[in-house]
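What follows is a set of notes on a single structure, which appears directly below.
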Amino acid sequence: MPSVAVKLYSVFFKFMLKHRLQNRIIQIDNNGSFGVTSRPNEESIASPNPLFTDGVATKDLHVHPGSSISIRIFLPETCLNSPDSDLKSRVRISTQALLRRNSYGYYTTDNVIEKEKNMFNNHRRSSVGCSSNASDDHFGSKKSEIGVLYRGYSPAGGKKSSLRKLPVLLQFHGGGFVSGSNDSTANDLFCRRIAKLCDVIVLAVGYRLAPEDRYPAAFEDGLNVLHWLAKQANLAECSKSVGVEGRRGEGTELRKSGDAYGQIADAFGASLVEPWLAAHGDPSRCVLLGVSCGGNIADYVARKAVEAGKLLDPVKVVFQVLMYPFFIGSVPTHSEIKLANSYFYDKALCTLAWKLFLPEGEFDLDHPAANPLTPDRGPPLTRMPPTLTVIAEHDWMRDRAIAYSEELRKVNVDAPVLEYKDAVHEFATLDMLLKTPQAQACAEDIAIWVKKYISLRGHEFSY
């Protein structure tokens, strides 16, 4: 059974969540069809940090200027590793010594710089291969004695074989479609863990929330990020071509003080190349990971990716992970009856969340967004990517997740299920449970399966 601390925190958690949801219903009633006018900060937020803190650098951006879809990128430090022993000496590091805004929208402060000073000066000497006595790096960036910011790089001579390419994992946070964020402290810690264990670039998606934005807003946001990733890959290829042609031309060269990948934009100038993805992202090995309601979004995005086929090239979804997905249906399962009042997210609260998420007048527990086994949901399950499902013993949603996995296996889709004893819904992602041995073990188990499908050969599977 869960510990006494978990039980007590669950009571407090459900009380607060019910209070928030009821307040939003009142706000909707007061504001008519315009919905909630303001959303208070309900979670602690982790600031982005472009330094390799704890082995992972992060940055925030929006898919398009003015877009409400935000992304936090988690880049593991392993991107600097390569069998090519000369690679690290060719990595471009931009350095910052003053309090100023850099080209990616981050601010460095004296406190941050002083805190990271020794660690990252050592990192530059030992991992990047830059001499501590040099005044300029390989690409002409001005040296600073206090702190470094990684900005992506372009290998000398444009040697693609030297790039350390990592798979890209799209992560969708939980919160019942009505709460949660991609930059919360809990989600930041979880994504850092996944980035390091799986050795992938994680894109944590900040999708629109209900009841301000009802179905299909969150689902469309997830799909838009996948299309944005494909666009980024194509823009990066164009940027490389321009760079090569420039070197062959009349002395034209890439900006030494800027980004080798930052010069190409779409026809409206709205989508500059993201340098971390351009330098290190391999979208042909794309993984989707959804937590709770994020699992519903991930499964929707996977279905749309299957339907799009080659239209998404070079992006290819090779695997998805559904962590205790937020599935429900009109005919209750055994677990929905037995565990209806389970920990943290009981059935009554989740039903209320679905009422806030689904369009007004269209509440139906067999809605395609809610029930994965609704007939004619499309596409045929046989076309779905391999799917790992994580479930908890004390989660009332577990049986429907198992049923979905069983249907996938019936059509020969690799769909393993990992069940964790004495675990509750969101046991590996909830703030107070993130540092438990069980949460760490779950992340390690996920990494085993993810690595099976992101392997360059595609068939290795070892412990």
Side-chain angles (χ1 to χ4, degrees), residues 45-53 56-77 79 92-94 96 100-108 112 149-154 166-173 180-185 187-188 190-192 194-195 200-209 213 217-218 220-239 255 258-283 286 288-289 294 297 301 315:
I45 301 300
S47 300
N49 187 351
L51 302 172
F52 283 110
T53 302
V56 179
T58 61
K59 69 163 71 171
D60 289 345
L61 54 88
H62 283 80
V63 171
H64 300 293
S67 169
S68 61
I69 310 174
S70 63
I71 297 175
R72 173 159 291 185
I73 304 179
F74 296 80
L75 181 70
E77 194 172 19
C79 70
R92 185 179 79 245
I93 301 287
S94 112
Q96 305 280 339
R100 67 183 181 84
R101 187 171 189 255
N102 70 15
S103 59
Y104 301 122
Y106 299 102
Y107 290 85
T108 54
V112 172
L149 293 168
Y150 183 60
R151 301 179 67 191
Y153 68 93
S154 176
L166 300 177
V168 179
L169 184 148
L170 269 61
Q171 188 262 359
F172 304 96
H173 65 80
S181 67
N182 63 332
D183 58 357
S184 69
T185 301
N187 200 66
D188 185 87
F190 173 73
C191 289
R192 285 177 177 274
I194 291 296
V200 297
I201 299 174
V202 175
L203 305 184
V205 180
Y207 53 86
R208 288 171 289 174
L209 298 177
D213 296 285
E220 291 177 342
D221 289 352
L223 184 60
N224 284 337
V225 171
L226 195 68
H227 283 284
W228 174 84
L229 180 61
K231 188 174 186 178
Q232 281 293 313
N234 291 321
L235 287 173
E237 287 300 317
C238 292
S239 182
R255 294 176 298 167
D259 305 313
Y261 291 101
Q263 302 178 75
I264 302 298
D266 64 15
F268 299 98
S271 296
L272 292 175
V273 177
E274 208 304 300
W276 288 6
L277 289 176
H280 302 294
D282 179 4
C286 181
L288 307 177
L289 186 152
I297 299 173
V301 173
V315 172

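This one's a predicted model, so the numbers in the text were calculated from it and none came from an experiment. All residue numbers refer to positions in the sequence shown, counting from 1.
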Residues at least two apart in sequence or cross-chain that pass side chain to side chain contact (heavy atoms under 4.5 Å, CB included) with Thr185, listed by chain then number, are Ser44, Ala46

Interatomic distance, CG@Asp60 vs CD1@Ile73, rounded to 0.5 Å, equals 8.5 Å

Closest non-hydrogen contact found for Cys79 with Phe52 is SG-CZ, 4.2 Å

The single option from Leu75, Leu203, Leu166, Leu235 that satisfies side chain to side chain contact (heavy atoms under 4.5 Å, CB included) with Leu277 is Leu203

Decide yes or no on side chain to side chain contact (heavy atoms under 4.5 Å, CB included) for Gln171 and Phe190, but give the supporting numbers first. CA-CA 10 Å; Gln171 188 262 359; Phe190 173 73; 3.9 Å; yes

Closest non-hydrogen atoms of Gly180 and Leu209, given as atom of the first, atom of the second and distance, are O-CD1, 3.6 Å

Test log, rule side chain to side chain contact (heavy atoms under 4.5 Å, CB included), inputs Val225 and Phe172: CA-CA 11 Å; Val225 171; Phe172 304 96; 5.6 Å; no

On a heavy-atom basis, the closest approach of Cys286 and Val315 is CB-CG1, 4.2 Å

Residues passing the side chain to side chain contact (heavy atoms under 4.5 Å, CB included) test with Asn182, sequence neighbours excluded, are Ser70, Arg72, His173, Asn187, Ala204

Only one of Asp188, Thr58, Val56 passes side chain to side chain contact (heavy atoms under 4.5 Å, CB included) with Asn49, and that residue is Thr58

What one should report as the nearest heavy-atom pair of Phe74 and Ala195 is CB-CB, 4.2 Å

For Arg208 and Ala217 the tightest heavy-atom approach is NH2-O, 3.5 Å

Distance col, row Trp228:CH2 vs Leu61:CG, nearest 0.5 angstrom, shows 5.0 Å

Applying side chain to side chain donor-acceptor pair (under 3.5 Å) to Asp183 and not counting sequence neighbours gives Ser181

Correct closest heavy-atom pair for Ala236 and Ala278 would be CB-CB, 3.8 Å

Across all chains, not counting sequence neighbours, the side chain to side chain contact (heavy atoms under 4.5 Å, CB included) partners of Pro167 are Val200, Arg285, Ile454

Strictly distance-based, threshold 3.5 Å: is any side-chain N or O of Glu274 a donor or acceptor partner for the main-chain N or O of Gln232? no

ask   = Short question: side chain of Asp221, backbone of Ile69 - any donor-acceptor pair under 3.5 Å?
value = no

dist Glu77:CD -> Leu51:CG (nearest 0.5 Å) comes out at 10.5 Å

Rounded to the nearest 0.5 angstrom, the OH-CG distance for Tyr207 and Asp213 is 12.5 Å

